[in-house]
Number of protein chains: 4
Amino acid sequence: MNVQFKMENISDKKKAIFESTINLITENGFHGTPMSMVAKNAGVAVGTIYHYFESKNQLIGELHAYNRGRVVEIIKETIGENISHKKTFQNIWTNLYQFYIENTNVLIFFEQFINSPYNINKFPTHFQGELFDFFKGGIGKGEIKDVKPEILVVLTLGSITTSAKLHKFGSIPLNFTDQHNIIQILWDGMAVNKE
Amino acid sequence: MNVQFKMENISDKKKAIFESTINLITENGFHGTPMSMVAKNAGVAVGTIYHYFESKNQLIGELHAYNRGRVVEIIKETIGENISHKKTFQNIWTNLYQFYIENTNVLIFFEQFINSPYNINKFPTHFQGELFDFFKGGIGKGEIKDVKPEILVVLTLGSITTSAKLHKFGSIPLNFTDQHNIIQILWDGMAVNKE
Amino acid sequence: MNVQFKMENISDKKKAIFESTINLITENGFHGTPMSMVAKNAGVAVGTIYHYFESKNQLIGELHAYNRGRVVEIIKETIGENISHKKTFQNIWTNLYQFYIENTNVLIFFEQFINSPYNINKFPTHFQGELFDFFKGGIGKGEIKDVKPEILVVLTLGSITTSAKLHKFGSIPLNFTDQHNIIQILWDGMAVNKE
Amino acid sequence: MNVQFKMENISDKKKAIFESTINLITENGFHGTPMSMVAKNAGVAVGTIYHYFESKNQLIGELHAYNRGRVVEIIKETIGENISHKKTFQNIWTNLYQFYIENTNVLIFFEQFINSPYNINKFPTHFQGELFDFFKGGIGKGEIKDVKPEILVVLTLGSITTSAKLHKFGSIPLNFTDQHNIIQILWDGMAVNKE
DNA sequence: GATGAATGAGGTTTCATTCAT
DNA sequence: AATGAATGAAACCTCATTCAT
């Protein structure tokens with residue numbers, strides 16, 4: 001597996017720093033989160049952070065890599081289940097959505113990170129590859145309309161992230177039926193109408 | 001009309017400051033854009049910015065309000081055309097998409113703004129209202145599936161913004177056919193199948 | 001007479017600027033009183049102040065000179081009345097005290113001015129000369145104890161200014177009897193006990 | 001004892017900052033003393049000041065509290081000696097006067113502080129309480145004239161501070177005899193004439 | 001005379017980073 | 001490994017002064 005690293009291998013201090021950093025950055029933004037605040041929140045001294053991370057840049061970069069890995073892992077595992085395309089699509093949507101409403105700070109962090117001086121690559125290509133291949137396969141088997149796979153990735157990810165933000169910040173949460181409806185609409189639009 | 005304010009009524013200096021600010025923030029982020037940089041880029045002295053805006057906070061707030069107004073205006077005008085729901089939906093998608101690929105900095109600015117300490121309201125409800133009513137109308141007339149209108153807003157906005165970012169930052173741009181396909185997929189999924 | 005200038009000869013604008021300046025400085029201090037604030041409070045434009053005064057330094061300097069003149073005038077007039085030393089002393093105390101409780105901002109302004117970079121001469125010698133001569137005369141005539149006249153000046157001015165501040169800022173105001181008592185105590189101490 | 005804090009318990013850096021601040025402010029005023037100047041004079045970096053004090057406001061506030069404490073201490077100790085009222089009065093006058101001519105910068109600092117935006121309470125009530133009680137006691141025992149104790153406080157403090165300033169800034173210093181004369185005059189005026 | 005937009009030096013404060021302990 | 005006092009560049013913002021109108 002090419003996952004960058006697992007939390008299990010990380011020291012408690014480093015874990016606490018990671019946790020503090022993403023929470024504080026999500027709350028206050030990069031600029032609103034000085035290293036001293038991270039240190040205090042993580043219960044360590046400022047200097048200690050610099051034992052584990054070369055710089056603030058690096059800390060944020062590693063935090064990003066770690067969470068990117070979590071999402072990629074979810075997609076991979078879901079796709080790897082080898083069931084029907086429709087069912088797999090449903091699972092991808094549900095699993096990612098579930099992850100993002102349980103970890104909204106990760107989603108917020110991603111969006112802040114993408115357009116920040118901390119990021120070098122501008123587009124969140126990190127989990128496009130897997131989805132891309134999945135949709136390409138579906139098109140190849142004639143189950144999904146013959147359009148650019150990128151389009152399908154866009155529709156899927158765009159709806160998941162926007163829904164998760166709606167769930168978190170909107171006035172009404174999306175219930176099970178709502179999620180089902182979204183998936184249905186997308187699949188109805190993407191799938192080849194067989195009869 | 002209740003548009004906040006028009007660029008025509010704004011002094012040249014203020015316009016230059018606005019323009020510089022959104023470009024620089026899109027490029028470097030809020031933190032990476034000191035007032036001195038805005039001033040230099042706009043060809044004015046730092047003090048001049050403070051003649052027009054109380055603080056960096058206020059400058060960014062007004063910039064947001066102004067651009068939010070532009071987007072709302074597009075949606076309103078498109079919806080106001082009073083044509084079939086399908087055609088209106090196509091136009092909304094195309095017009096917003098067109099606006100965002102021509103003004104990607106506005107899109108990036110919005111995403112940076114939403115999750116920043118500069119923002120007070122967390123969710124971008126600013127152009128939900130108009131779209132919401134449009135979809136509700138379509139559901140009422142039996143042309144659109146009977147689901148929560150929020151879902152349709154999410155699908156629409158999520159696909160537009162993600163597509164615009166793909167177009168800007170992705171390896172391949174979306175052509176006319178691709179746009180058409182996305183719209184088709186969404187409408188196929190959302191519309192009530194009449195026959 | 002060597003009074004610097006009279007208010008009568010001053011234009012309305014200049015008068016308004018003077019009035020605003022002393023009030024605002026008394027309230028907010030020199031640093032807390034920008035020229036823009038003076039302008040606004042006086043109902044004139046910033047540039048207008050610079051028609052009447054070369055700089056903030058000069059404005060404050062003239063303000064000081066003007067008010068110093070007012071106090072000197074009071075002392076001179078009181079001393080010029082040519083009555084008994086005791087009565088003159090009483091009048092000096094009462095008149096100055098009266099002036100300072102009616103114009104506490106002048107007193108506050110003096111104290112702020114004395115120890116400020118705006119002041120060149122450190123000690124408030126401006127009204128020492130007249131009082132000095134008065135006490136010297138009293139000593140010469142054997143009515144006042146033979147001590148350094150400076151001492152008597154100190155006792156007089158120190159009690160007046162401290163009383164005026166007590167009256168303004170203290171919890172209880174000094175009534176007529178209190179004033180009388182202070183004057184009595186001072187004169188009892190200073191006067192030669194004749195019998 | 002309820003003394004606020006002692007210099008002994010303060011770090012060397014903080015001490016140096018305190019010392020620099022009072023000297024520079026006395027010389028140049030609040031506005032004429034930027035933090036960079038304090039830092040340079042104290043031999044520390046600007047940031048270091050902010051390690052010890054939250055802001056310039058707080059630095060000045062603490063400086064005031066510390067020096068107020070010194071003066072209160074002198075008065076308390078002098079009054080606590082439990083000797084005759086006359087002798088105590090003489091000691092108070094002499095000790096405070098001595099303190100102020102040895103620490104004129106403290107006196108100047110007080111006067112600048114009192115009428116500054118840094119001060120919240122306008123009147124220097126800080127050492128009124130102790131003196132007030134002392135005089136009240138004297139009146140109760142029939143040794144001092146029955147007038148408002150505030151009056152006696154005013155006469156005492158007014159003469160001490162004005163004398164100290166005369167000594168520092170006047171053309172001629174006040175010698176031992178002069179001090180004695182002032183005390184004599186005040187006591188003659190205040191004391192009940194017993195025979 | 002009068003205005004107030006424009007300037008930019010300089011003020012207060014923050015914060016990533018270092019290093020002696 | 002861990003600490004946190006110390007640093008100083010750089011951020012935001014103010015304000016005395018100028019000058020075209």
Side-chain angles (χ1 to χ4, degrees), chain A residues 11-14 17 30-40 42-60, chain B residues 11-14 17 30-40 42-60, chain C residues 11-14 17 30-40 42-60, chain D residues 11-14 17 30-40 42-60:
Chain A
S11 87
D12 278 359
K13 290 260 162 78
K14 197 166 178 176
I17 294 166
F30 291 113
H31 178 46
T33 308
M35 294 297 258
S36 59
M37 196 190 276
V38 173
K40 197 173 185 181
V44 300
V46 189
T48 306
I49 301 181
Y50 284 86
H51 265 287
Y52 292 102
F53 305 94
E54 253 186 23
S55 63
K56 191 177 184 182
N57 262 35
Q58 180 141 116
L59 164 57
I60 289 168
Chain B
S11 89
D12 279 357
K13 290 263 159 71
K14 196 167 180 177
I17 294 166
F30 291 114
H31 178 44
T33 308
M35 295 300 255
S36 58
M37 195 190 278
V38 173
K40 199 173 186 180
V44 301
V46 184
T48 306
I49 301 180
Y50 287 88
H51 187 76
Y52 291 102
F53 305 95
E54 260 186 17
S55 63
K56 193 177 181 180
N57 260 36
Q58 182 141 118
L59 164 57
I60 289 168
Chain C
S11 86
D12 278 358
K13 290 261 161 76
K14 198 166 178 176
I17 294 166
F30 291 113
H31 179 46
T33 309
M35 294 297 258
S36 59
M37 196 191 276
V38 173
K40 197 172 185 181
V44 300
V46 188
T48 307
I49 301 180
Y50 285 86
H51 266 287
Y52 291 102
F53 305 94
E54 254 185 21
S55 64
K56 191 176 183 182
N57 261 35
Q58 181 140 114
L59 163 58
I60 289 168
Chain D
S11 87
D12 280 357
K13 291 263 159 72
K14 196 168 179 177
I17 294 166
F30 291 113
H31 178 46
T33 308
M35 295 299 257
S36 58
M37 196 189 276
V38 173
K40 199 173 185 179
V44 300
V46 186
T48 306
I49 301 179
Y50 286 87
H51 188 75
Y52 291 102
F53 305 94
E54 259 186 17
S55 63
K56 192 176 183 181
N57 260 38
Q58 182 141 116
L59 164 57
I60 289 169

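- Close to dA6(E), at under 4.0 Å from its OP1 or OP2, lies a side-chain N or O of K13(B).
- Positionally, the nearest nucleotide of DNA chain F for I49(D) lies more toward the 5' end than for the other of I49(D) and N57(B).
- Rounded to an integer number of Å, the gap from CZ of F30(A) to P of dA16(E) is 12 Å.
- Distance CD (E54(A)) to C1' (dA16(E)): 14 Å, rounded to an integer number of Å.
- Of the candidate nucleotides dT12(E), dT17(E), dC13(F), dC13(F) has the atom lying nearest to any side-chain atom of M35(B).
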Hey, mind stepping through M35(D) and L59(D) against side-chain contact (heavy atoms from CB on, under 4.5 Å) and telling me if it holds?
CA-CA 10 Å; M35(D) 295 299 257; L59(D) 164 57; 4.2 Å; yes
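- The pairing partner recorded for dT14(F) is dA9(E), the criterion being a Watson-Crick or G-U wobble arrangement whose two distances lie under 3.5 angstrom.
- Closest of all the heavy-atom pairs between A39(D) and A45(D) is CB-C, 3.9 Å.
- Judged by distance alone, with hydrogens and angles left aside, H51(D) brings no side-chain donor or acceptor close enough to the base of dA6(F) to form a pair under 3.5 Å.
- In this structure, NE2 in H51(C) is found 13.0 Å from NZ in K14(C), a value given to the nearest 0.5 Å.
- The NZ atom of K40(D) sits 15 Å away from the P atom of dT7(F) (whole-angstrom rounding).
- Within 4.0 Å (heavy atoms only), F53(D) reaches no atom of the nucleic acid at all.
- Atoms NE2 (H31(A)) and P (dC12(F)) sit 7 Å apart, rounded to a whole Å.
- In this entry dC19(E) has dG4(F) as its Watson-Crick or G-U wobble partner, both defining distances falling under 3.5 Å.
- Across the interface with DNA chain E, nearest-nucleotide mapping of S55(D) and V44(B) shows V44(B) to be the residue nearer the 5′ end.
- Residue-level contact check: Y52(A) touches the backbone only, with heavy atoms under 4.0 Å from sugar-phosphate atoms and none from bases.
- Atom pair Y50(A):OH and dA16(E):P shows a separation of 6 Å (rounding to whole Å applied).
- Each of S36(A) and A45(C) has a nearest nucleotide on DNA chain E; the 5'-most of these lies closest to A45(C).
- Counting only heavy atoms from C-beta on, T48(A) has its side chain closest to dT3(F) among dA16(F), dT3(F), dC12(F).
- Distance CD (Q58(C)) to P (dA16(F)): 15 Å, rounded to an integer number of Å.
- The distance between atom CD1 of I60(D) and atom P of dT12(E), rounded to the nearest whole Å, is 9 Å.
- Nearest approach of V44(A) to I17(A), heavy atoms of both residues: CG2-CG1, 4.3 Å.
- Although no hydrogens or angles enter the test, the distance criterion places a donor-acceptor pair under 3.5 Å between the side chain of K56(C) and the main chain of F30(C).
- Distance K56(A) NZ to dT18(E) P: 15 Å, rounded to the nearest Å.
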